[in-house]
Protein chains: 2
Amino acid sequence: MREYRHPQITEVQLESVLYALSDPIRLSIVRQLAREGEASCAALENGRPKSSVSHHFRVLREAGIIKTRNDGTSRINGLRDNELAEVFPGLLPAILAVRS
Amino acid sequence: MREYRHPQITEVQLESVLYALSDPIRLSIVRQLAREGEASCAALENGRPKSSVSHHFRVLREAGIIKTRNDGTSRINGLRDNELAEVFPGLLPAILAVRS
DNA sequence: TCTATAGTTCGATATAATTCGAACAATAGC
DNA sequence: GCTATTGTTCGAATTATATCGAACTATAGA
């Protein structure tokens with residue numbers, strides 16, 4: 001599959017990040033990535049339809065929160081936490097510190 | 001007018017806060033409140049229809065981000081920043097630190 | 001009491017997001 | 001090449017949000 005387009009971290013919008021993280025499913029995906037590091041989409045599906053999960057990954061990716069790379073038939077997702085810390089210092093840690 | 005219902009700070013949902021702040025108009029209201037302290041709704045209208053602005057204040061209030069009290073014919077709004085810091089430490093400061 | 005001021009609420013419309021099945025695409029392994 | 005595995009994309013239905021005019025409520029002040 002083709003590569004994804006990830007926004008430059010400098011063009012990431014605060015509003016888009018907040019919106020992306022305001023969805024419980026997406027927030028739980030981000031929490032899981034924070035706990036476990038990288039993960040495939042399948043590892044984060046939790047029984048939901050693949051198309052729905054794929055949609056949420058897209059929102060997170062386009063908001064600049066995760067990066068996705070190809071590995072065989074899998075996509076490996078990871079947080080862009082270091083980059084986010086450059087433009088929104090403290091934001092992701094503050095969110096992840098909240099009891100799930 | 002009757003009093004508003006404000007959620008207890010302990011029942012405020014992180015997702016609701018993030019959602020409320022993901023709207024540019026609401027975020028700008030919050031930034032303005034952070035800069036100037038308390039303000040009436042009218043002071044934050046910026047030429048928008050009153051009914052639209054009222055809607056955004058409601059979203060912010062129900063999310064637990066602002067408190068509103070009556071003062072004559074005006075409502076005075078203020079951030080619940082101290083309370084929010086108890087449940088989501090560092091969140092609001094991280095958001096407000098971002099260049100508008 | 002009359003009028004102005006400040007917001008809320010209602011209702012209708014328009015726009016956007018979510019959800020998920022079905023079809024499709026890309027890779028790995030036999 | 002065939003098949004299984006992983007996801008993506010499309011399309012359609014449902015749901016949620018935003019927007020804003022109009023009617024309404026509540027208070028202040030003359």
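Chain A is the first sequence line, chain B the second, and so forth, proteins listed ahead of strands; every chain is numbered from 1.
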### Sub-4.5 Å side-chain heavy-atom contact between B/V59 and B/I65
no

### Query
Between B/V30, B/V53, B/L33, B/I25, which is the residue that forms a side chain to side chain contact (heavy atoms under 4.5 Å, CB included) with B/L44?
B/L33

#### Entry: B/V17 versus B/A63, closest heavy-atom pair with distance
CG2-O, 3.6 Å

### Query
Rounded to the nearest Å, what distance is computed from the CZ atom of residue A/R5 to the C1' atom of nucleotide D/dT8?
14 Å

### Query
What side-chain hydrogen bond (donor to acceptor under 3.5 Å, both in side chains) pairs are there with at least one residue in residues 80-98 of chain B, not counting sequence neighbours?
B/R80-B/E83

### Summary
The bend of the helix from C/dT1-D/dA30 to C/dC30-D/dG1, taken between the axes of its five terminal pairs at each end and rounded to 10°, is 20°

### Message
Could you report the tightest heavy-atom contact between A/I66 and A/L79, atom names first, then the distance?
### Response
CG2-CD2, 4.0 Å

### Query
Atom CD1 of B/I76 to atom P of D/dA26: distance rounded to whole Å?
19 Å

### Query
Under a 4.5 Å cut-off applied to non-hydrogen side-chain atoms, are A/K67 and A/N77 in contact?
no

### Query
Looking only at heavy atoms, what is the nearest atom pair of B/G64 and B/V12, with distance?
CA-CG2, 3.9 Å

### Query
So does B/S74 get a side-chain nitrogen or oxygen closer than 4.0 Å to the phosphate oxygens (OP1/OP2) of D/dT27?
no

### Summary
Taken to the nearest whole Å, OH/A/Y4 to P/D/dT6 is 14 Å

### Query
Is A/S54 touching bases, backbone alone, or none of the nucleic acid, heavy atoms closer than 4.0 Å?
base

### Query
Taking the side chain from A/H6 and the backbone from A/R61, do they hold a donor-acceptor pair closer than 3.5 Å?
no

### Task
Output every pair passing side-chain hydrogen bond (donor to acceptor under 3.5 Å, both in side chains) with a member in residues 11-37 of chain B, not counting sequence neighbours, ordered by first then second residue.
B/R26-B/H56

### Task
For A/E38, enumerate each residue passing the side chain to side chain donor-acceptor pair (under 3.5 Å) test, keeping only those at least two apart in sequence or located in another chain.
A/R69

### A/R75 vs A/Y4, side chain to side chain donor-acceptor pair (under 3.5 Å): CA-CA, chis, key distance, verdict
CA-CA 10 Å; A/R75 325 279 155 252; A/Y4 300 94; 3.2 Å; yes

Pairs: protein N or O with nucleotides 28-30 of chain D N or O, under 3.5 Å:
none

### Message
I need the CD-P distance between B/E15 and C/dT18, as an integer number of Å.
### Response
14 Å

### Query
Which whole-number value in Å describes the distance from B/N46 CG to C/dG7 P?
13 Å

### Task
Nearest whole angstrom, please: distance from the P of C/dT8 to the CG of B/L44.
12 Å

### Task
Starting from C1' on D/dG7, measure out to CZ on A/R69 and report it in whole angstrom.
16 Å

### Task
Sugar-phosphate means primed atoms, P, OP1 and OP2; the rest is base. With that split, encode nucleotides 17-23 of chain D 5' to 3' as B, S or - using protein heavy atoms under 4.0 Å.
SSBBBB-

#### Entry: D/dT6 phosphate, OP1 or OP2, under 4.0 Å from A/S40 side-chain N/O
no

### Query
Rounded to whole angstrom units, what separation is found between the CZ atom of A/R75 and the P atom of C/dA26?
10 Å

